[in-house]
Amino acid sequence: MAVSSAPGKVYLFGEHAVVYGEPAVPCAIELRARVDVEQRTDSKLRVHAEDLSLDGFTVEYAGEPEGRPDVDVSESLLNAAMGYVDSAIEQVRDVTGEDDVGFDVTIESDIPLGAGLGSSAAVAVAAIDAGTRELGTTLEIDELAERAYRTEHEVQGGQASRADTFCSATGGAVRVEGDDCRSLEAPELPIVIGFDGGAGDTGELVAGVRDLREEYEFAADTVEAIGDIVRRGEDALAAGDIEELGRLMNFNHGLLSALGVSSRTLDSMVWAARDAGALGAKLTGAGGGGCIVGLDDTNETETALSYTLGCEDAFRAELAETGVERLE
Ligand SMILES: Nc1ncnc2c1ncn2[C@@H]1O[C@H](COP(=O)(O)OP(=O)(O)O)[C@@H](O)[C@H]1O
Ligand SMILES: C[C@@](O)(CCOP(=O)(O)O)CC(=O)O
Ligand SMILES: [Mg+2]
């Protein structure tokens, strides 16, 4: 058996725009997905994913060729739920050339699903890493990140960036622009997260921004303006200017909101954080529902969020210095 874990992330800046070649700066956080992979004697794939709960059902499912789980939900919901693991295992088969190999895969994760904290990337990175090691191949981190990116690309309907997967594989703060992925020096950041208990469908939200960009020139300009914010943000990060970082995060949230990916609860958590004195606050990840990220080194934001209608959980997040961890 091989066991790997990989962290989730928050976006300081640049989600969505990064899909169209603008830069983005995500930052790995100490919430992890852990994946155990054990080779089977047959070619079946069985996935135990106790956290995989969508619209109130929890499944232990077997991927192809054992068939779909017997649960009463739509095919598309099920595909969205199972897609990342199935596709990660396909990458393991592809990179090792062992097309007919079967696995038992067990996933345990601290990262809420579909909430913008990169659970999909963490699961893909950890699953590919453990799966390849189970077959005796240890991938270089860059290759691992690339393979995990292909998983996200496939499941998100052909549109994804390398940001989440590179960040999860390497840890720390990173900068991603197209296929140029690098690590950044980052100061200690007082990260606070608010979670509305909900989720957004990454593929759908990405498609929504794509349609807007195609229809309106000003939406395409908005995406480019996010790129400008990210470039300013990098300077602020390098200078350790947290106040400027906060202002830029606020601006970034406004533009994401204009692109239609915020929600009432995300907006109210963002405002609660700002009213409490956060230096900045924005949604993180695909949006639609899920998490916001704020910067505040006092307890005020966390406290204010915990009293905010629609906020289910508020907590501080530490930067994860290490990306993938090879546990067994
Ligand atoms: N603990 C888990 N077990 C199984 N699959 C998971 C787990 N966490 C995440 N996933 C996969 O990732 C998907 C959520 O990814 P996504 O919509 O991109 O949101 P995010 O990456 O922001 O959490 C889930 O639908 C599921 O397919
Ligand atoms: C919206 C996007 O920029 C980030 C999605 O992040 P998450 O899956 O919501 O954590 C999509 C991508 O970069 O592939
Ligand atoms: Mg994701």
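Every value quoted in this text rests on a predicted model; they were computed, and no experiment measured them. First listed ligand is number 1; within each ligand, the first listed atom is number 1.
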Peer 1: Can you pull out every ring pair (Phe, Tyr, Trp, His ring centres under 6.0 Å) where at least one residue sits in residues 290-325? Sequence neighbours excluded, please.
Peer 2: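 Found none.
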Peer 1: Looking at Arg231, I'd like to know if its CZ atom is crowded, meaning that more than 12 non-hydrogen atoms belonging to other residues, nucleotides or ligands lie closer than 6.0 Å.
Peer 2: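 Yes, the 6.0 Å shell around CZ holds more than 12 heavy atoms from other groups.
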Peer 1: Mind checking whether Ile193 and Leu117 have side chains closer than 4.5 Å, heavy atoms only?
Peer 2: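 Yes, their side chains come closer than 4.5 Å.
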Peer 1: For ligand 2, list all ligand N or O to protein N or O distances below 3.5 Å, rounded to 0.1 Å.
Peer 2:
{"residue": "ligand 2", "atom": "3 (O)", "partner": "His16", "partner atom": "N", "Å": "2.9"}
{"residue": "ligand 2", "atom": "6 (O)", "partner": "Lys9", "partner atom": "NZ", "Å": "3.4"}
{"residue": "ligand 2", "atom": "6 (O)", "partner": "Asp164", "partner atom": "OD2", "Å": "3.2"}
{"residue": "ligand 2", "atom": "8 (O)", "partner": "Thr202", "partner atom": "OG1", "Å": "3.4"}
{"residue": "ligand 2", "atom": "9 (O)", "partner": "Ala286", "partner atom": "N", "Å": "2.8"}
{"residue": "ligand 2", "atom": "10 (O)", "partner": "Lys9", "partner atom": "NZ", "Å": "2.7"}
{"residue": "ligand 2", "atom": "10 (O)", "partner": "Gly118", "partner atom": "N", "Å": "3.1"}
{"residue": "ligand 2", "atom": "10 (O)", "partner": "Asp164", "partner atom": "OD2", "Å": "3.4"}
{"residue": "ligand 2", "atom": "13 (O)", "partner": "Ser161", "partner atom": "OG", "Å": "2.5"}
{"residue": "ligand 2", "atom": "14 (O)", "partner": "Gln156", "partner atom": "NE2", "Å": "3.2"}
{"residue": "ligand 2", "atom": "14 (O)", "partner": "Ser161", "partner atom": "N", "Å": "2.9"}

Peer 1: Tell me, do Asp235 and Asp241 make a side-chain contact under 4.5 Å, heavy atoms counted?
Peer 2: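 Not in contact.
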Peer 1: Which of the numbered atoms in ligand 1 are below 4.0 angstrom from a heavy atom of Gly116?
Peer 2: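 Contacts of ligand 1 toward Gly116, numbered from 1: 22 (O).
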Peer 1: Looking at Phe103, does the NZ or CZ of Arg46 lie under 6.0 angstrom from its six-membered ring centre and within 45 degrees of the ring axis?
Peer 2: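 Because its charged atom misses either the 6.0 Å distance or the 45° angle limit, Arg46 does not stack over Phe103.
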Peer 1: With a 4.0 Å cut-off on N to O distance, would you call Asp104 and Arg40 a salt bridge?
Peer 2: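 Judged by the 4.0 Å cut-off on N to carboxylate O distance, Asp104 and Arg40 do form a salt bridge.
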Peer 1: If we only count N/O pairs under 3.5 Å, is Gly83 in contact with ligand 1?
Peer 2: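 Between Gly83 and ligand 1, no N or O pair is found under 3.5 Å apart.
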Peer 1: Among Leu184, Ile242, Leu248, whose side chain to side chain contact (heavy atoms under 4.5 Å, CB included) with Leu237 holds?
Peer 2: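 That would be Leu184; it is the only one of Leu184, Ile242, Leu248 passing the side chain to side chain contact (heavy atoms under 4.5 Å, CB included) with Leu237.
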Peer 1: Which is it for Ala122 and ligand 1 at heavy atoms under 4.0 Å: side chain, backbone, both or neither?
Peer 2: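 For Ala122, there is no contact with ligand 1 at all, from either part.
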Peer 1: Looking at Pro112, which atoms of ligand 1 are within less than 4.0 Å of one of its heavy atoms?
Peer 2: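 Counting from 1, the qualifying ligand atoms are 23 (O).
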Peer 1: Is any side-chain N of the basic residue among Asp36 and Arg34 closer than 4.0 Å to the acidic one's carboxylate O?
Peer 2: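 Looking at Asp36 and Arg34, the cut-off is met.
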Peer 1: Can you tell whether the side chains of Lys282 and Glu15 come within less than 4.0 Å, N to carboxylate O?
Peer 2: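 Yes, this pair counts.
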Peer 1: Side-chain contact test, heavy atoms from C-beta onward, threshold under 4.5 Å: evaluate it for Thr132 versus Arg147 and give yes or no.
Peer 2: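 No, their side chains stay 4.5 Å or more apart.
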Peer 1: What atoms in ligand 1 come closer than 4.0 Å to a heavy atom of Ala49?
Peer 2: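 Heavy-atom distances to Ala49 below 4.0 Å select 3 (N), 4 (C).
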Peer 1: Please confirm whether Gly8 comes under 4.0 Å of ligand 1, counting heavy atoms of the residue only.
Peer 2: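 Flag not set, Gly8 not near ligand 1.
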Peer 1: Quick check: Glu152 and ligand 1, any N/O pair under 3.5 Å apart?
Peer 2: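 Checking ligand 1 against Glu152, no N or O pair falls under 3.5 Å apart.
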Peer 1: Is there a polar contact, in the sense of an N or O pair closer than 3.5 Å, between Gly114 and ligand 1?
Peer 2: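 Looking only at distances, the answer is yes, because the N/O contact criterion of under 3.5 Å is met.
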Peer 1: Does Val324 reach the side chain of Ser4, with side-chain heavy atoms less than 4.5 Å apart?
Peer 2: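 The answer is yes, as the side chains (C-beta and beyond) meet within the 4.5 Å cut-off.
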Peer 1: Does Ala115 come within less than 4.0 Å of ligand 1, judged by its heavy atoms?
Peer 2: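 True for this residue.
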Peer 1: Output yes when the distance from some N or O of ligand 1 to some N or O of Ser119 is under 3.5 Å, and no in every other case.
Peer 2: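 Among all N and O atoms of Ser119, at least one is under 3.5 Å from an N or O of ligand 1.
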Peer 1: May I ask which of Thr106, Leu205, Ile111, Ile107 has a heavy atom nearer to atom 3 (N) of ligand 1 than the others do?
Peer 2: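 Minimum heavy-atom distance to atom 3 (N) of ligand 1 goes to Ile107.
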Peer 1: Report, in ascending order of atom number, the atoms of ligand 1 lying under 4.0 Å from any heavy atom of Ser109.
Peer 2: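 Those of ligand 1 that fall under 4.0 Å from Ser109 are 1 (N).
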Peer 1: What's the count of protein N, O or S atoms under 2.8 Å from the Mg ion (ligand 3)?
Peer 2: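 Step by step: take the Mg ion (ligand 3), keep protein N, O, S below 2.8 Å, and you get 1.
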Peer 1: Below 4.0 angstrom, N of the basic side chain to O of the carboxylate: do Arg32 and Glu108 qualify?
Peer 2: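 The answer is no: the pair does not qualify as a salt bridge.
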Peer 1: Do Glu154 and Arg150 meet the salt-bridge criterion of a basic N to acidic O distance under 4.0 Å?
Peer 2: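 Looking at Glu154 together with Arg150, the answer is no, because their closest N to O distance does not fall below 4.0 Å.
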Peer 1: Taking atom OH of Tyr84 and atom CD of Glu152, what is their separation to the nearest 0.5 Å?
Peer 2: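 Rounded to the nearest 0.5 Å, the OH-CD separation comes to 5.0 Å.
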Peer 1: Counting only heavy atoms, which portion of Leu117 has something under 4.0 Å from ligand 1: side chain, backbone, both, or neither?
Peer 2: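 Backbone only; the side chain of Leu117 stays clear of ligand 1.
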Peer 1: For ligand 1, which atoms have a heavy atom of Val123 less than 4.0 angstrom away?
Peer 2: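 Selected atoms, number and element: 6 (C), 7 (C), 8 (N), 9 (C).
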Peer 1: Select the closest option to atom 18 (O) of ligand 1 among Asp110, Asp164, Thr202, Val35, judged by heavy-atom distance.
Peer 2: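 Comparing heavy atoms across Asp110, Asp164, Thr202, Val35, the nearest one to atom 18 (O) of ligand 1 lies in Thr202.
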Peer 1: For a 4.5 angstrom cut-off between non-hydrogen side-chain atoms, does Arg162 reach Asp179?
Peer 2: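 A side-chain contact exists here, since the closest heavy-atom pair is under 4.5 Å.
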Peer 1: Can you tell me if Ser87 and Glu90 form a side-chain donor-acceptor pair at under 3.5 Å?
Peer 2: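 Glu90 and Ser87 do not have a side-chain donor-acceptor pair below 3.5 Å.
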Peer 1: Is Ala121 touching ligand 1 with its side chain, its backbone, both, or neither, if touching means heavy atoms under 4.0 Å apart?
Peer 2: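 Neither part.
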Peer 1: Mind checking who shares a hydrophobic cluster with Val3, ILVMFWY linked at side-chain heavy-atom distances under 4.5 Å?
Peer 2: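 Members alongside Val3: Met1, Leu327.
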